[in-house]
Amino acid sequence: MSAVSDRLPAFPWDKLEPYKKTAAAHPDGIVDLSVGTPVDPVPEHIQKALIAAADSPGYPTVWGTPELRDALTRWVEHRLGGRGVTHRHVLPVVGSKELVAWLPTQLGLGPGDQVAFPRLAYPTYEVGARLACAEHVAYDDPTELDPSRLKLLWLNSPSNPTGRVLSKEELTRIVAWAREHGVLVLSDECYIELGWEADPVSVLHPDVNGGSYDGIVAVHSLSKRSNLAGYRAAFLAGDPAVLGPLLQIRKHGGMMTPAPTQAAVVAALGDDEHVRVQRERYAARRTALRDALLAHGFRIEHSEASLYLWATRDESCWDTVAHLADRGILVAPGDFYGPAGDRFVRVALTATDERVRAAVTRLTA
């Protein structure tokens, strides 16, 4: 019974519990900047769309309603610059983490196959490879990898945890290399709406892919842009030759986005105003936290996009976690995202304005 779980690393967040208790003991309470979970309200028009679809006694379809597919194709063209996007180019999924964890298995990867991801990366890329019994390899530049056994190449721009953005030129070079060697590219673009000092570009843009979606798929989520983490709302867009078989597999597995969530996604993707409002909230919190961290002696690297500040005091990340916990502030240690992060912490922007003000006060006192 333990054969599958034995393939997995220890769940990293359990290691943070003692520091969370320390931070929670602060007289003014904890400021939790460790997990990037939204705290602001779900926009009212999205809530109304969910409620209107609440009477959904039948099974939803894995591919989604025609209205949902229309909304996905329109958004990919409107927001990402995609061209010629049809229903065959999109596929809703039950949150992006589920997709990342199970994609190598659903692609039929196994022993002898390799899955590659950035040196500093979301831990679930590695988990997905382990679940499939495939090998995993971390990279600084994917084009320096040996492509002979590489089957799946994860890109992540903007990056979690660093906020780094891959330029259009970098993406174009990587996509061309992957195509040359028959490697499938999965581009995790869940933070693409949150560019601050850079304008993130999708692999679906024709300047990157030359007008062809062959061998490329992008992953998108509404968790951050629309505060829908609790709705489990995400989707894939790209090569129909990849999405078609995935659709059949997911039909057999019953991986269905609930009907009310599908209706909510249609409402969310049809409105840009709530995204602008949420961006302004995060921008203000980012400025306040960045200035306070710098004043406290931190150095911040990358962080030109996404919901995080990648910060260091040039010491062990766990020493920094302890230092901030003593001040009632909880952050994520950088080594959660790979050994290369062992002298950094990830500071999330996902706290209320009141809690951000409390953190600023503690850092600048």
Open item on the list: Show the nearest heavy-atom pair for residues H220 and S202, with the distance to one decimal.
Closed with: NE2-OG, 4.5 Å
- [ ] With side chain to side chain contact (heavy atoms under 4.5 Å, CB included) as the test, would you mind laying out the steps for I216 and D239 before giving the verdict?
- [x] CA-CA 6 Å; I216 56 173; D239 191 347; 5.6 Å; no
Task: Exam field: side chain H136 to backbone E126, donor-acceptor pair closer than 3.5 Å - done: no
Task: Donor-acceptor pair, side chain of D342 and main chain of D335, under 3.5 angstrom - done: no
Open item on the list: Let me confirm one number: the CD-CH2 distance from Q106 to W102, rounded to the nearest 0.5 Å.
Closed with: 9.0 Å
TODO: Go through the steps to decide whether V42 and L228 satisfy the test side chain to side chain contact (heavy atoms under 4.5 Å, CB included), and finish with yes or no.
DONE: CA-CA 7 Å; V42 174; L228 296 189; 3.7 Å; yes
TODO: Answer yes or no: is there a side-chain heavy-atom contact under 4.5 Å between L16 and P333?
DONE: yes
Task: Polar side-chain atom of Q262 near backbone of T65 as donor-acceptor pair, under 3.5 Å - done: yes
Open item on the list: Is there a side chain to side chain contact (heavy atoms under 4.5 Å, CB included) between R232 and E98? Walk through the geometry before answering.
Closed with: CA-CA 9 Å; R232 310 315 301 135; E98 168 263 305; over 6 Å; no
Open item on the list: Determine whether S306 and L194 satisfy the following criterion, side chain to side chain contact (heavy atoms under 4.5 Å, CB included), listing intermediate values before the conclusion.
Closed with: CA-CA 5 Å; S306 84; L194 299 168; 5.6 Å; no
TODO: Considering only NZ, NE, NH1 and NH2 on the basic side and carboxylate oxygens on the acidic side, decide whether E170 and R164 come within less than 4.0 Å.
DONE: yes
- [ ] State yes or no: do L155 and V242 share one hydrophobic cluster built from I, L, V, M, F, W and Y residues joined by side-chain heavy-atom distances below 4.5 Å, directly or via other members?
- [x] no
TODO: Inspect the contact between R276 and E280 and indicate whether a charged nitrogen and a carboxylate oxygen are less than 4.0 angstrom apart.
DONE: yes
Open item on the list: Can a donor-acceptor pair be found, under 3.5 Å and without considering hydrogens, that links the side chain of R149 to the backbone of G112?
Closed with: yes
Task: C317 vs F336 side-chain heavy atoms within contact, under 4.5 Å - done: no
TODO: Could you tell me the separation between the CG atom of D272 and the CD atom of E193, rounded to the nearest 0.5 Å?
DONE: 7.5 Å
- [ ] Could you pull out the closest heavy-atom pair between L50 and T261, with the gap in Å?
- [x] CD1-N, 3.8 Å
- [ ] Taking all non-hydrogen atoms of both residues into account, name the closest pair between A229 and P38 and its distance.
- [x] CB-CD, 3.8 Å
Task: Test item: W154 and V100 side chains (from C-beta on) under 4.5 Å apart, heavy atoms - done: yes
Task: D113 side chain vs G110 backbone, donor-acceptor pair below 3.5 Å - done: yes
Open item on the list: Testing the basics here: between D140 and R119, what is the closest heavy-atom pair and its distance to 0.1 Å?
Closed with: OD2-NH2, 3.3 Å
Task: Connected via hydrophobic side-chain network under 4.5 Å: L204 and W75 - done: yes
- [ ] Mark yes when over 12 heavy atoms from residues, nucleotides or ligands other than E44 sit less than 6.0 Å from its CD; otherwise mark no.
- [x] no
Open item on the list: With a 6.0 Å cut-off (strictly less than), is the heavy-atom count around CG of D55, excluding the residue itself, greater than 12?
Closed with: no
Open item on the list: Would you say V76 ends up clustered with L269 if hydrophobic residues are merged whenever their side chains have heavy atoms under 4.5 Å apart, either directly or through other cluster members?
Closed with: yes
Task: Value rounded to 0.5 Å, distance of CG in D146 from CD in Q114 - done: 7.0 Å
Open item on the list: So, taking the atom named CZ in R362 and the one named NE2 in H26, what distance separates them when rounded to the nearest 0.5 Å?
Closed with: 4.0 Å
Open item on the list: Rounded at 0.5 Å granularity, tell me how far CG in L153 sits from NE2 in H181.
Closed with: 11.5 Å
TODO: Would you please test D28 and R355 for salt bridge (Lys or Arg N to Asp or Glu O under 4.0 Å) and show each step?
DONE: CA-CA 10 Å; D28 187 36; R355 288 289 82 188; 3.3 Å; yes
TODO: Verify side-chain hydrogen bond (donor to acceptor under 3.5 Å, both in side chains) between E315 and T320, making sure each step is shown before the conclusion.
DONE: CA-CA 7 Å; E315 64 185 5; T320 305; 2.8 Å; yes
Task: Electrostatic pair K21-E17, nearest N-O below 4.0 angstrom - done: no
Open item on the list: With a 4.0 Å cut-off on N to O distance, would you call R357 and E354 a salt bridge?
Closed with: no
Task: Salt bridge E301-R343, side-chain N to carboxylate O under 4.0 Å - done: no
Open item on the list: Using only atom types and a distance under 3.5 Å, with no angle test, would you say the side chain of S221 pairs donor to acceptor with the backbone of S223?
Closed with: yes
Task: Residue pair P200 / G195: nearest heavy atoms and the distance that separates them - done: CD-CA, 3.8 Å
Please table the atom pairs, donor to acceptor, closer than 3.5 Å between any side-chain atom in residues 82-94 and protein atoms at least two apart or in another chain.
{"residue": "R83", "atom": "NH1", "partner": "G81", "partner atom": "O", "Å": "2.8"}
{"residue": "T86", "atom": "OG1", "partner": "R88", "partner atom": "N", "Å": "3.2"}
{"residue": "T86", "atom": "OG1", "partner": "H89", "partner atom": "ND1", "Å": "2.9"}
{"residue": "H87", "atom": "ND1", "partner": "R69", "partner atom": "NH1", "Å": "3.2"}
{"residue": "H87", "atom": "NE2", "partner": "D70", "partner atom": "OD1", "Å": "2.7"}
{"residue": "H89", "atom": "ND1", "partner": "T86", "partner atom": "N", "Å": "3.0"}

Task: Y213-L80 co-clustered via ILVMFWY side chain contacts under 4.5 Å - done: yes
Open item on the list: Strictly distance-based, threshold 3.5 Å: is any side-chain N or O of R130 a donor or acceptor partner for the main-chain N or O of R7?
Closed with: yes
Task: Heavy-atom side-chain contact between L103 and L246 under 4.5 Å - done: yes
- [ ] May I ask you to test the K151-L184 pair for a side-chain heavy-atom distance under 4.5 Å?
- [x] no
Open item on the list: Taking the side chain as everything from C-beta on, heavy atoms only, tell me whether K224 gets closer than 4.5 Å to C190.
Closed with: no
TODO: Go through the steps for R79 and E189 under the test salt bridge (Lys or Arg N to Asp or Glu O under 4.0 Å), then give the verdict.
DONE: CA-CA 12 Å; R79 177 61 184 83; E189 302 174 353; over 6 Å; no
Open item on the list: Count I, L, V, M, F, W, Y as connected when their side-chain heavy atoms are under 4.5 Å apart, and connections chain through other members. Are Y125 and L150 then in the same cluster?
Closed with: no
TODO: Fit a plane to each ring of W310 and F344, take the angle between them on a 0 to 90° scale, and name the class: parallel (under 30°), tilted (30 to 60°) or perpendicular (over 60°).
DONE: parallel
- [ ] Assess whether side-chain hydrogen bond (donor to acceptor under 3.5 Å, both in side chains) is satisfied between R179 and N209, documenting all intermediate values.
- [x] CA-CA 10 Å; R179 284 175 167 167; N209 60 43; 5.3 Å; no
Task: Where L68 and V266 come nearest, the two heavy atoms and their spacing - done: CA-CG2, 3.6 Å
Open item on the list: Can you tell me how far apart OH (Y308) and CG (N160) are? Round to the nearest 0.5 Å.
Closed with: 4.5 Å
Open item on the list: Any non-hydrogen side-chain atom of L247 less than 4.5 Å from a side-chain atom of V62?
Closed with: yes
Open item on the list: Side chains of W13 and V35, heavy atoms from C-beta outward: is any pair under 4.5 Å?
Closed with: yes
Task: Validation row, ring centre Y19 to ring centre W318 under 6.0 Å - done: yes
